[in-house]
Amino acid sequence: VAVALAAQGTQLAGQLDDLLKLDDLHGPSGSSPGSLAAALGAGGAGLDATKLAHRLPAHRGSQRLTPERRQRVERVLATLRAGAAHLQAEPAVLLDTGVVPEGTVLAGVAIQPVENGLASAMAAFDARAAATADLLRALRTARLELSTAYDPERHGEALERLHWSGFDAEELLLVPAVLVAVRAERLRGQELATLHELLESGRPVQMLILTGPTGTDAGAALSIQAPV
């Protein structure tokens, strides 16, 4: 899913970049050699931008992007360029409360020691989900901008409110996984209350709860997952 989203992000980023270049061409310096060279890119390698600039008439016609729209497009473009790559590079994280044997290495998983496992797991998921929401917001805004359908009053507030609780099943898979390992005897008092909060919240945090004595292998663990 992340690979497909990265491909979508790259495609939309290219289209937004073209939109900004076209807007530059509509500006006062749009027919300057530098602007033409940037707009032509690699495809204009055999052309003399200076000679071409001298032959072009002054621009007339299409209206430029408003400053507000241009700034919005530039922000979305920056998010698309950085966001998809970040999600692909972000590994799953296993928050360890002293359960995982020292020296353990898990492929594609970063093991991070923590004191308050369940609270840390919720915070870690929320941070990763917020980054995913930023990227999804940028994707949706890009599609609206490219179809000239974006309406600040209609779409602005709704997009800003985008939250992981509104993600569909595929979008939830984009959030880099958060796992937490705790011992069953620690699930009392505040930690037990936090467990109830985590389960009721719907955060898809994966929990590994060890029920056997210290040193028992992971096969004796009970693995449960919070409902989506």
Side-chain angles (χ1 to χ4, degrees), residues 1-6 8-9 12-13 72 75-100 104 106-144 155-184 186-210 221-228:
V1 178
V3 173
L5 182 138
Q8 291 178 38
L12 290 170
R72 184 168 57 247
R75 287 195 303 269
V76 168
L77 178 57
T79 300
L80 289 178
R81 284 175 168 166
H86 174 73
L87 284 183
Q88 284 189 289
E90 185 81 2
V93 63
L94 171 58
L95 304 177
D96 174 34
T97 57
V99 171
V100 179
T104 297
L106 300 173
V109 180
I111 301 176
Q112 178 181 335
V114 295
E115 180 63 30
N116 301 312
L118 301 179
S120 297
M122 288 197 292
F125 174 80
D126 287 349
R128 290 171 171 227
T132 304
D134 287 342
L135 180 56
L136 293 174
R137 187 180 298 111
L139 286 167
R140 296 178 187 182
T141 305
R143 294 188 189 103
L144 289 167
H155 301 114
E157 186 177 348
L159 286 168
E160 284 303 315
R161 289 200 309 264
L162 183 63
H163 184 262
W164 68 263
S165 58
F167 290 1
D168 61 28
E170 281 199 346
E171 290 171 340
L172 275 174
L173 291 175
L174 294 170
V175 183
V178 175
L179 306 91
V180 60
V182 297
R183 300 205 63 81
R186 295 190 59 172
L187 297 178
R188 56 179 181 268
Q190 182 56 50
E191 195 74 349
L192 183 59
T194 304
L195 173 62
H196 290 158
E197 180 185 353
L198 173 56
L199 291 170
E200 290 175 358
S201 72
R203 292 176 177 87
V205 170
Q206 299 177 54
M207 292 177 282
L208 186 66
I209 301 179
L210 298 183
L222 171 65
S223 179
I224 60 176
Q225 182 171 325
V228 174

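Just so you know, these numbers use all the heavy atoms, side chains as well, and skip hydrogens, waters and symmetry mates.
The shortest heavy-atom contact between Pro204 and Phe125 is CD-CZ, 3.4 Å. In terms of heavy atoms, Pro176 sits closest to Thr132 at CD-OG1, 4.2 Å. Gln206 and Ala177 make their closest contact through NE2-CB, 4.3 Å (heavy atoms, listed as atom of the first residue, atom of the second, distance). Nearest heavy atoms, Val100 versus Ala181: CG2-CB, 4.4 Å. What you find for Gly117 and Leu95 is that their closest heavy atoms are O-CD1, 4.3 Å. Taking both residues in full, the closest heavy atoms of Leu80 and Ala142 are given as CD1-CB, 4.0 Å, listed atom of the first, atom of the second, then distance.
With sequence neighbours left out, Arg188 forms a side chain to side chain donor-acceptor pair (under 3.5 Å) with no residue at all. For Thr97, the side chain to side chain donor-acceptor pair (under 3.5 Å) test picks out no residue, with sequence neighbours left out. Under the ring pair (Phe, Tyr, Trp, His ring centres under 6.0 Å) criterion, His155 pairs with Tyr150, sequence neighbours left out.
Proximity of Leu195 to Glu191: side-chain heavy atoms (C-beta onward) are nowhere separated by under 4.5 Å. You'll find the side chain of Val182 stays beyond 4.5 Å of the side chain of Leu210, heavy atoms only. Considering only heavy atoms from C-beta on, Gln8 comes within 4.5 Å of Arg143 through its side chain. By the 4.5 Å heavy-atom criterion applied to side chains, Arg128 and Val93 are counted as neighbours. A heavy-atom distance below 4.5 Å is found between the side chains of Leu118 and Leu187. The shortest distance between side-chain heavy atoms of Val180 and Leu208 does not fall below 4.5 Å. In this structure, the side chains of Leu179 and Val205 stay at 4.5 Å or more apart for every pair of heavy atoms. Counting heavy atoms from C-beta outward, Asp168 and Leu172 have side chains that stay 4.5 Å or more apart.
When atom types are taken as modelled, the side chain of Arg203 and the backbone of Leu198 share no donor-acceptor pair closer than 3.5 angstrom. Judged by distance alone, the side chain of Asn116 and the main-chain N or O of Ser120 form no donor-acceptor pair under 3.5 Å. The closest donor-acceptor contact from the side chain of Glu200 to the backbone of Glu197 lies at 3.5 Å or more, if one exists at all.
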* Go through Phe167 and Leu136 one step at a time and tell me if the side-chain contact (heavy atoms from CB on, under 4.5 Å) criterion holds. => CA-CA 9 Å; Phe167 290 1; Leu136 293 174; 3.8 Å; yes
* How far apart are the C-alpha atoms of Glu160 and Arg140, what are their side-chain angles, what is the distance that settles it, and do they pass the salt bridge (charged side-chain N to carboxylate O under 4.0 Å, His left out) test? -> CA-CA 11 Å; Glu160 284 303 315; Arg140 296 178 187 182; over 6 Å; no
* To do: Kindly determine whether Arg75 and Leu77 satisfy side-chain contact (heavy atoms from CB on, under 4.5 Å), including the steps that lead there.
  => CA-CA 5 Å; Arg75 287 195 303 269; Leu77 178 57; over 6 Å; no
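Annotation: the span from Thr104 atom OG1 to Leu94 atom CG amounts to 9.0 Å, rounded to 0.5 Å. Separating the CG atom in Asp134 from the CG atom in Leu139 is a distance of 11.0 Å, to the nearest 0.5 Å. With rounding to the nearest 0.5 Å, the separation of CD in Glu171 from CG in Leu173 is 10.0 Å.
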